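Structure first, commentary second.
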Number of protein chains: 2
Amino acid sequence: MNESRRMPNSTDVARRAGVSQSAVSRTYSPGASVSQSTRDAVLAAAAELGYRPNALPGIMQGKRSRMIAVVIGGMGNPFYARVLDTLATRLSAAGQQMVLARVDSNHSLDAVADDLARYRVDGVFSALAVTQPDTRDALAAFGIPVVSFNTPLHGPSVHSVSCDNAAAGAAAAQLLHARGATRPAFIHGPENSPAEIERFTGFADAIRALGLPSPLEARGNYDYAGGRSAAAALMTASTPPDALFAANDLLALGALEALRHDLDRAVPSDVQVIGFDDIDMAAWQAFQLTSFAQDISGMVDRAVELLLSEQTTTEGQCLRVPARLIERATT
Amino acid sequence: MNESRRMPNSTDVARRAGVSQSAVSRTYSPGASVSQSTRDAVLAAAAELGYRPNALPGIMQGKRSRMIAVVIGGMGNPFYARVLDTLATRLSAAGQQMVLARVDSNHSLDAVADDLARYRVDGVFSALAVTQPDTRDALAAFGIPVVSFNTPLHGPSVHSVSCDNAAAGAAAAQLLHARGATRPAFIHGPENSPAEIERFTGFADAIRALGLPSPLEARGNYDYAGGRSAAAALMTASTPPDALFAANDLLALGALEALRHDLDRAVPSDVQVIGFDDIDMAAWQAFQLTSFAQDISGMVDRAVELLLSEQTTTEGQCLRVPARLIERATT
DNA sequence: CCTCTTTTTGCATAGCTATGCATTGCTGAT
DNA sequence: ATCAGCAATGCATAGCTATGCAAAAAGAGG
């Protein structure tokens, strides 16, 4: 509209409204002292000019930026899509903006962290299932509150909120045993996934504690195709398993489909299957997958509290939220 | 670490390195004139202090903020999760930050738009399946480039990138007719979804052009549960349909499950089903759903080009990208 | 060694808002 | 009429970096 495409600033509005720049600022500062007539004049002038208050100078003065960075490894897994959705809703309700950064093997966390730090975000929510040894340090380098979701980490100003993966793994073992399984197997996600390792360890320990042989293992990279191939690999072993516990639901659903359609096994009578995360599809009629529901809503609430809490002095907390076993038709 | 938790600034680094603030700034400005020795001293001092360049003053000086706002209605639909994932990857590759805002019936677009404008985002990517009459104006009020994804809109500096919904709807009609359907029905998404209306119109027109009766209709709000109930409602009609075209895949999958498990119909012999979006689950063995794949990658590329193009003078463009029919086992 | 060119450096300032402080104007009480 | 008290207003400045310009240093050539 204008010649130089410059946005109008508070001085422009002030001039037009015949007041000082301070009056404009105060009009947009809740609780500041402005008369009704001044306020009306300012708002009228602002509307005519299309003025939008600029948040950046305030941030430079030391105010909080009200921006939270979210570092995520991808949204292909409906579990993370739901986490993101929940987080977006909560942050919005708390008046925070969400700056989303996708990290993958190409874009390292360090590069992303540098970018985000330039914008003076107030905190970082990390939802990285797969971590490298230096991830903790890269997050700590932010120097601002960091919450790691579902990856237990702690350090100065680095908190984490996870579910109790080991206990859930043990519960899976006990359920399978109670349902008559004698040779359970585990389908791993990708390497370097701390949550997955906890699930496996809890599962394997409990299996052995029940007097069963150590579980067979296959690896499947957290997706449907990985679950299919892992199931195929496991079932062609010399002594194939009669129960599968997968590190997440996508793996479990892929395995379930492979069992039924490729390997011609009945579930649960020939082979039982348990997943993790309780994504929407787990409840679909075709699957009726037994799974562990994480309390996403509660976990995100905790994470947001940690991010927005003023005290930065707190040593990193490592919160645990229990997972809930949902037994359906695959066990 | 420090007393006042203030982040070090370029002056702090300059003092420590024994150079001027300008030298620090130039060290971080690609192509600026700094000697190697100065650069080394600056980087060393910066590392000691944990200095992170501050992007905000530059933005205030009129530089681009390199922030793109993304307005989205939710991530429960894997289609939008994938759009978001693709967009995040592309924007990251282009050196842009992504500011995510979730809009729902509680949080109106106007409120969100005000918030985002305060941060001086460079552009807005809108992925709102459901729009209100004033959405176009709310987006145009940004005064910055706006791209509406999959919702045809245009206005000053408001572009859109959509697939050719009407043509796809017609193709669905022709496929069903070719496969022997005589009484097709349509499962609507929510009201006020422009893309959905185009799909329906193209479908219904083609149905009639083929000499078939106007399609039965049911409404299902774009999710799995809606598809289930819509299918149940349609199949209990006095003359139930023998083919269903759903406005998206979640609806189609819900309908497919209801047909098989609740209504005891064989697919495709009793009833054919077509979805839209070709989400991952459509290809899963349990479903093998015929669907229309949108070229998400190409569409996002176009959208990013529009957002990052310098010329703001262009009248809003309304790009169309063809959808690709993927026939599987439900037709 | 001197001059000219090129590179490097520093100075000073723009960009926009929030806010402490001082000032003005008004109300109401004495 | 006088003055205390309070609300409303304006002034001036901090906060941080990028950059035009001028000055200084370094290098090149004779």
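Numbers restart at 1 for each chain; the letters A, B, ... are given by sequence-line order, proteins then strands. This one's a predicted model, so the numbers in the text were calculated from it and none came from an experiment.
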Nearest to the side chain of A:T38, which nucleotide is it out of C:dA18, D:dT9, C:dT9? D:dT9

Please give, in whole Å, the distance from C:dA18 C1' to B:M60 CE? 12 Å

Hey, is the side chain of B:Y51 poking within less than 4.0 Å of OP1 or OP2 on D:dT17, counting only N and O atoms? yes

Could you check whether A:D104 pairs with A:R102 (Lys NZ or Arg NE/NH1/NH2 to Asp/Glu carboxylate O, under 4.0 Å)? yes

Using modelled atom types only, decide if a donor and an acceptor are shared between the side chain of B:D134 and the backbone of B:D137 within a distance under 3.5 Å. no

Presence of donor-acceptor pair under 3.5 Å, side chain of B:S22 and base of C:dC11: yes

Between OH of B:Y28 and P of D:dT19 the distance, given in whole Å, is 16 Å

To the nearest angstrom, how far is B:R15 atom CZ from C:dT9 atom P? 19 Å

Taking C:dA18, D:dC16, D:dG10 as options, the one with an atom nearest any side-chain atom of B:N9 is D:dC16

Length of the line joining A:Q21:CD and C:dG15:C1', which is rounded to integer Å: 12 Å

Just how far, in rounded Å, is P of C:dC21 from CZ of A:R26? 13 Å

Atom CZ of B:R52 and atom C1' of D:dC16: how far apart are they, to the nearest Å? 17 Å

Quick check for you: among D:dT9, D:dC16, C:dT9, whose closest atom lies nearest to any side-chain atom of A:V34? D:dT9

In whole Å, I'd like the distance from the CZ atom of B:R64 to the C1' atom of D:dA18. 18 Å

Out of D:dT17, C:dT9, D:dT9, which has the shortest distance to the side chain of B:S33? C:dT9

At under 4.0 Å between heavy atoms, what does B:V24 touch on the DNA or RNA strands: base, sugar-phosphate, or nothing? nothing

I'd like to know if B:D85 and B:R82 make a salt bridge, using a cut-off of under 4.0 Å between side-chain N and carboxylate O. no

With nearest nucleotide decided by heavy atoms, which residue, B:S37 or B:Q61, maps closer to the 5′ end of DNA chain C? B:S37

Rounded distance [0.5 Å steps], CZ in A:R90 versus CG in A:L307: 13.5 Å

What is the distance, rounded to the nearest whole Å, between atom CD1 of B:I59 and atom C1' of D:dA18? 13 Å

Side chain of B:S25: nearest nucleotide among C:dT17, D:dT19, C:dG10? D:dT19

Just N and O in the side chain of B:K63: are any of them under 4.0 Å from OP1 or OP2 of D:dT19? yes

Could you tell me whether A:S35 contacts a base, only the sugar-phosphate backbone, or nothing, with contacts defined as non-hydrogen atoms closer than 4.0 Å? sugar-phosphate

Between A:N54 and B:R118, is there a side-chain heavy-atom distance shorter than 4.5 Å? no

